[in-house]
Amino acid sequence: MEISNLLRLKEIHYATSGISPKPTPPPLDPVTPPSATDINTLLTSFLINKNINLNIRLKSNLDIDEAVNNFATLIQSVAWTTLKPVKTVNSNNIINSNFNYPLIPEEIRCLIVEKRRARARYHLSRLPSHKSAYNKLANSLKKILTKHKANAFEQKLHNLSVANGSLWRETKQLLKYKSPSTPLKKADNTLAISDAEKAEVFKTHLSNIFQPHADILDPQHIDNVRKYLDSPLPNGPPVKYTTPN
């Protein structure tokens, strides 16, 4: 009874103050959990219990954001540690083919959070000021991500070595030719998008390709073949019947 009264008072407050209530976020899409063979459950729980910090304050929005950020960073680092160990070469020259990807810097993750909040704010208000703020954050994030990817790629190239074969594998991957998938065009130079249009383009192309050559046709030879095929069979004795035995 008290909960219903509180909800009723909250609705009256929103109706009288002109403030629209915060929309309920959509439900999260179901995520397929990884198999037990992909995750070392005991090692993951041990690392989380060892590195997690429970003595934190949760009194302000900044404290909550910092706690969530630290917890997400901890889960990512533990997952990448248990799933993707560093590539090494042992004494028998056996190469471990797994990788260890670096974490995204904290300033970039904070900028991503700010951009998502600005986008949500603009979707709710549709104000030009909110749109300009969102565009500013999006452009800034795009430039920072481009610079971060370039630095990460440069660091990856510096870490290539002949000893573990990483240099040759990367060279082979870069030199591998990937044939582009060209779009299909119809006779009027428009793109064939649907399956029916693509089938029609293939039908027209194949019907134009698979035709007899006009320069190798001999009319006299064709007439002789037709006469031979149309001529009656020669008279002769009847064919003797045979039995399997």
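What you are looking at is a predicted structure, and each value in this text was computed from that prediction instead of being measured.
One finds the OG atom of S129 at 10.5 Å from the OH atom of Y122 (value rounded to the nearest 0.5 Å). Atom CG of residue L141 and atom OG1 of residue T146 lie 9.0 Å apart, to the nearest 0.5 angstrom. Distance check, rounded to the nearest 0.5 Å: CG of N159 to CD of E170 gives 11.5 Å. Atoms CD and CD, on E106 and E66 in that order, are 8.0 Å from each other to the nearest 0.5 Å. A distance of 10.5 Å separates CG in D65 from CG in L58, rounded to the nearest 0.5 Å. Between atom CG of residue N135 and atom NZ of residue K115 there is a gap of 11.0 Å, rounded to the nearest 0.5 Å.
Hydrophobic cluster membership is shared by L160 and F153, with clusters built from Ile, Leu, Val, Met, Phe, Trp and Tyr side chains linked at under 4.5 angstrom. By the criterion of side-chain heavy atoms lying less than 4.5 angstrom apart, applied directly or through intervening Ile, Leu, Val, Met, Phe, Trp or Tyr residues, V68 is not grouped with V113; the two fall into different hydrophobic clusters. Side-chain heavy atoms closer than 4.5 Å link hydrophobic residues (I, L, V, M, F, W, Y) into clusters, and following such links, even through other members, never connects Y134 to L137. L54 and I64 are members of different hydrophobic clusters when ILVMFWY side chains are connected at heavy-atom separations under 4.5 Å. Grouping the Ile, Leu, Val, Met, Phe, Trp and Tyr side chains by contacts below 4.5 angstrom, directly or via other members, places W168 apart from L175.
Remark: K186 NZ is packed, more than 12 non-hydrogen atoms of other residues, nucleotides or ligands lying under 6.0 Å away. Environment of CG in N61: sparse, with no more than 12 heavy atoms of neighbouring residues, nucleotides or ligands closer than 6.0 Å. Under a cut-off of 6.0 angstrom, the local environment of CG in N53 is crowded, with over 12 non-hydrogen atoms contributed by other residues, nucleotides or ligands.
The nearest pair of heavy atoms linking N189 to K185 is O-CD, 4.4 Å. The shortest non-hydrogen separation linking S207 to Q211 is O-NE2, 3.2 Å. Taking each heavy atom of D188 and T190 in turn, the nearest pair found is OD1-OG1, 2.7 Å.
Under a cutoff of 6.0 Å and an axis angle of 45°, R226 and Y228 do not form a cation-pi pair.
Counting heavy atoms from C-beta outward, S166 and R169 have side chains that approach closer than 4.5 Å.
With sequence neighbours left out, D63 forms a side-chain hydrogen bond (donor to acceptor under 3.5 Å, both in side chains) with S60.
Screening H205, E197, E200, K198 for a side chain to side chain contact (heavy atoms under 4.5 Å, CB included) with L184, the sole residue that qualifies is K198.
Judged purely by atom type and a 3.5 angstrom limit, S140 has no side-chain atom pairing as donor or acceptor with the backbone of K136.
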Practice task
Please report the C-alpha distance between I52 and N70 in whole Å, then the side-chain angles of each, then the deciding distance to 0.1 Å, and finally whether the side chain to side chain contact (heavy atoms under 4.5 Å, CB included) criterion is met.
Solution key: CA-CA 9 Å; I52 194 170; N70 294 335; over 6 Å; no
